[in-house]
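Per chain, numbering begins at 1; letters A, B, ... match sequence-line order.
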Number of protein chains: 2
Amino acid sequence: MKKRVLISDIAKALGISVTTVSFILNDKAKEKRISDAMTKRVLDYVKKVGYKPNQLAKSLRTGQTKILGLLVEDIANPFFSNVAKYIERQAYDAGYHIIYCSMNNDGQKAKELIQMFMDRQVDGFIITPSEGLEDTIANIRQNNIPVVLFDRYIPTVDTHYVVSDNKKGAYEATKHLLENENKRVGLISLYSNQTQMRDRLEGYMQAMDEFQLQSYIKKLQLGAPEQDAKDQILEFIVDNKMDAVLFSTNYLAVSGLKALKEHRIPLPRMAAFDEHTLFKLHDPSITVVSQNIEQLTKELIQTLVADIAGRSKELRKITIPCELIIRESSIVTLPEQIS
Amino acid sequence: MKKRVLISDIAKALGISVTTVSFILNDKAKEKRISDAMTKRVLDYVKKVGYKPNQLAKSLRTGQTKILGLLVEDIANPFFSNVAKYIERQAYDAGYHIIYCSMNNDGQKAKELIQMFMDRQVDGFIITPSEGLEDTIANIRQNNIPVVLFDRYIPTVDTHYVVSDNKKGAYEATKHLLENENKRVGLISLYSNQTQMRDRLEGYMQAMDEFQLQSYIKKLQLGAPEQDAKDQILEFIVDNKMDAVLFSTNYLAVSGLKALKEHRIPLPRMAAFDEHTLFKLHDPSITVVSQNIEQLTKELIQTLVADIAGRSKELRKITIPCELIIRESSIVTLPEQIS
DNA sequence: ATGAAAGCGCTAACAC
DNA sequence: GTGTTAGCGCTTTCAT
């Protein structure tokens, strides 16, 4: 095991002080008016011996870890894993690293995780807040640590957030479903007060009201066993003779498709929130309300980095439009008849 | 912003020394024979003021960060995001946190990332090594940092690894395809020398040889644009009039399905490596060689944690069996005729 | 049984 | 321009 070279080793080897080396290493050579010759000599030597600063010591001293804490609902959900991928790349480009965790709707675990991230002195937080996290997030703010909420926000806590325009997305999807000669259009969602779920519900309602049609709303328990979800979705669709259904999350739609397939029941017209590889390739392919992950994450990182740098005077509350991607599942024409 | 309470604040408030507090906090009260009364007094006070040690300072001092570096090929691939989910949970249970990155087949980025993780003093590495990482991984070993390779390994570098029995998996899948009256059975894989790809190829070959049939092997460029992959897969299947095909990764199979669907070409019998939500719900559902993610990750973390604790005398090279999950896509009977 | 103090590796205020 | 040194918050040796 080769010994790590320290800044003091460099100073000693070159017969100069650690300060000079430190200044040069931190791009303060010009500012401190260190001679170009010295600067070059140090830089060359540093490269030669492959010196790498100990980030821990640096962080302890500066109070900056260059690490961001990312808390997502479930990393195994393709929506969130894609988000993670983009965030990681954008953070990397901005010189940050990510520590992440899935919360899996476990409020207690979420709290612990956030505390641990704070103990680790993360420079900032990116959180998809589950319910009951008001206090914890308020606590982060009190400790003056930058936070950006994502995918949903907490109305009672004033923070930055970046979310999609869920209401408009749900409205347009529902309207699209209604325009295709469907009367009995239902919504399958969750017992949840999270803003994105509320907004999707509102969007659905607005469209139903506009068409003056009765609404059919089925809510499922968050984190319930999938079999329960499947049973209830099936019952809802069959009993109500649904013409069309909007699913408020991709995994609810997946459960629905599983249930329908298992019982060989023909699909109602349908649409779902959030893209999924399955939806493009399913037969029929599934219409979705797609969130613009690239733009969402870009705004997210920008907002967070600006806050960390102290460059943000005010809270940024950003809403990004969704895109309705119409596929076979929502249109009346049979798949075979499409051009 | 409330000021963080330090260990010295506690000592001062209680009129004792930091040493005593530190001993008590690190469960060395008994060992150092500190009185129970004192211990209780300190613990109570600590709880009351909500003292949380600064992990950075602790790490700087002890050299232990309790952070593991996880480098996966692509976090957006459901196989890897599931792996990440399990690893994170297991690591958490063992008192570790994860910093992760996707390498996206970018060797240069991978090297940088590994270096940055080393600068961050991670306690250990979990890596799905892409090609050309021999030196970097050897370098980690030289620095005496525990590493476990995963999903594939590097034959020329002696490390722990945990992989699936890819050869047997491919062999069984191919044999299954052959037993269903298919003669022209092809393999769609990648130009890659990674062990998992080589093993899958070998398994396919072994089955073909056993049946004394000509093999059809199509390799695609790693990281090529999806359109190219789609075109080439289509051409391979059509030109060779394939009866059946084994895809060596889930995303190759997804590309294949897309291509076939777009051109309305009937599916050959098929099977793919690695589970995917799509495969269960596709019509027909897709037969897969499924890796046992739970067991893989469990062995992984056990091995890594044991090494970090200095409890591992020798290198562990673990191979976990795959499971062939037979679905509609690989059997001759038409979906409609299944019970 | 408890405390003083060194030191982990780095940055930066201050000195010259 | 460059060097000396305190100090980030903690653990742990050594002294008492």
Side-chain angles (χ1 to χ4, degrees), chain A residues 2-43 45-46 49-67 118-123 143, chain B residues 3-43 45-46 49-67 116 118-123 143:
Chain A
K2 48 185 176 185
K3 201 165 103 279
R4 256 189 107 91
V5 20
L6 309 179
I7 209 167
S8 54
D9 296 333
I10 298 174
K12 205 170 296 168
L14 263 34
I16 56 176
S17 85
V18 292
T19 314
T20 310
V21 180
S22 175
F23 282 153
I24 293 173
L25 256 24
N26 290 289
D27 292 322
K28 289 183 181 153
K30 284 275 167 289
E31 184 186 327
K32 299 291 176 182
R33 302 200 289 178
I34 290 167
S35 69
D36 287 0
M38 174 99 288
T39 303
K40 184 170 170 0
R41 202 155 75 91
V42 171
L43 256 22
Y45 185 78
V46 161
V49 298
Y51 165 77
K52 302 287 172 188
N54 179 325
Q55 296 293 339
L56 281 177
K58 197 167 180 164
S59 295
L60 178 60
R61 187 58 234 242
T62 62
Q64 289 243 323
T65 55
K66 291 286 176 181
I67 292 182
M118 289 179 65
D119 299 345
R120 287 255 141 73
Q121 322 277 113
V122 296
D123 287 346
N143 282 62
Chain B
K3 203 166 104 280
R4 255 190 109 88
V5 19
L6 308 180
I7 207 169
S8 55
D9 296 333
I10 299 174
K12 204 170 297 169
L14 262 37
I16 57 177
S17 85
V18 292
T19 314
T20 310
V21 180
S22 175
F23 282 153
I24 293 173
L25 255 24
N26 290 287
D27 291 323
K28 292 189 178 143
K30 282 277 166 287
E31 184 186 327
K32 299 290 174 183
R33 301 197 290 180
I34 291 166
S35 70
D36 287 359
M38 174 98 289
T39 302
K40 186 174 174 351
R41 202 156 73 91
V42 171
L43 257 21
Y45 184 77
V46 161
V49 297
Y51 165 77
K52 302 286 172 187
N54 179 325
Q55 296 293 339
L56 280 178
K58 198 166 181 163
S59 295
L60 178 61
R61 186 58 233 239
T62 61
Q64 289 244 324
T65 54
K66 291 285 177 183
I67 292 182
M116 293 187 106
M118 289 181 64
D119 299 345
R120 288 252 141 74
Q121 322 278 112
V122 295
D123 287 348
N143 281 63

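Residue S22(B) is classed as a base contact, given a heavy-atom separation below 4.0 Å to a base.
Considering only the side chain of T62(B), dT11(D) comes nearest among dT11(D), dG9(D), dA6(D). If you check dG3(D), dT11(C), dA12(C) against the side chain of S17(A), the one that comes closest is dG3(D).
As rounded to whole Å, 21 Å separates atom P of dT16(D) from atom CD1 of I16(B). Summarising the geometry, the separation between CE on M38(A) and C1' on dG3(D) is reported as 12 Å, rounded to the nearest angstrom. Rounded to a whole Å, the CD atom of Q64(A) is 14 Å from the C1' atom of dC10(C). Spacing between atom CG of L25(B) and atom P of dT12(D) amounts to 12 Å, rounded to whole angstrom units. The separation between N26(A) atom CG and dT2(D) atom C1' is 16 Å, rounded to whole Å. Atom CG of D119(A) and atom C1' of dC10(D) are 14 Å apart (whole Å). Between L6(B) atom CG and dC8(D) atom C1' there is a gap of 10 Å when expressed in whole angstrom units. Between the CD1 atom of I34(B) and the P atom of dG3(C) there is a distance of 9 Å, given to the nearest Å.
R120(A) contributes atom CZ, which lies 9.5 Å from atom NZ of K58(B) (distance to the nearest 0.5 angstrom). In this structure, the separation between CE on M38(A) and CG on L43(A) is 11.0 Å, given to the nearest 0.5 Å. Rounding to the nearest 0.5 angstrom, the gap separating the OG1 atom in T62(B) from the CD atom in Q121(B) is 10.0 Å. Taking OG1 of T65(A) as the start and CG of D123(A) as the end, the distance is 3.5 Å to the nearest 0.5 Å.
Side-chain atoms of R4(B) come within 3.5 Å of backbone atoms of K52(B) as a donor-acceptor pair (strictly under, hydrogens ignored).
Residue whose closest nucleotide on DNA chain C sits further toward the 5' end, between L60(B) and V18(B): V18(B).
Between the side chain of R61(B) and the base of dG7(C), at least one donor-acceptor pair of N or O atoms lies under 3.5 Å.
With sequence neighbours left out, D9(B) forms a salt bridge (Lys or Arg N to Asp or Glu O under 4.0 Å) with no residue at all. Not counting sequence neighbours, S59(B) has no partner by the side-chain hydrogen bond (donor to acceptor under 3.5 Å, both in side chains) test.
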Each nucleotide N or O in nucleotides 14-16 of chain C that has a protein N or O under 3.5 Å away: list the pair and distance.
none

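Residue I24(A) comes nearest to V42(A) through the heavy atom pair CD1-CG2, 3.6 Å, listed as atom of the first residue, atom of the second, then distance. Contact between P53(A) and D119(B) at its shortest, heavy atoms only, is O-CB, 4.1 Å. Nearest approach of V5(B) to Y51(B), heavy atoms of both residues: O-CD1, 3.1 Å.
Applying side-chain contact (heavy atoms from CB on, under 4.5 Å) to S17(B) and the options V21(B), T19(B), L14(B) leaves one that passes, T19(B).
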Only pairs under 3.5 Å count here: list side-chain donor-acceptor contacts from residues 25-32 of chain A, not counting sequence neighbours, and write none if there are none.
residue : atom : partner : partner atom : Å
N26(A)  : ND2  : S22(A)  : O            : 2.7
N26(A)  : ND2  : S22(A)  : OG           : 3.4
K30(A)  : NZ   : D36(A)  : OD1          : 3.3

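An angle of 50°, rounded to 10°, separates the two end axes of the helix from dA1(C)-dT16(D) to dC16(C)-dG1(D), each defined over five pairs.
An OP1 or OP2 oxygen of dA12(C) is reached within less than 4.0 angstrom by a side-chain nitrogen or oxygen of K28(A).
Contact check of residues 50-57 of chain A against DNA chain D (heavy atom, cut-off under 4.0 Å) returns no residues at all.
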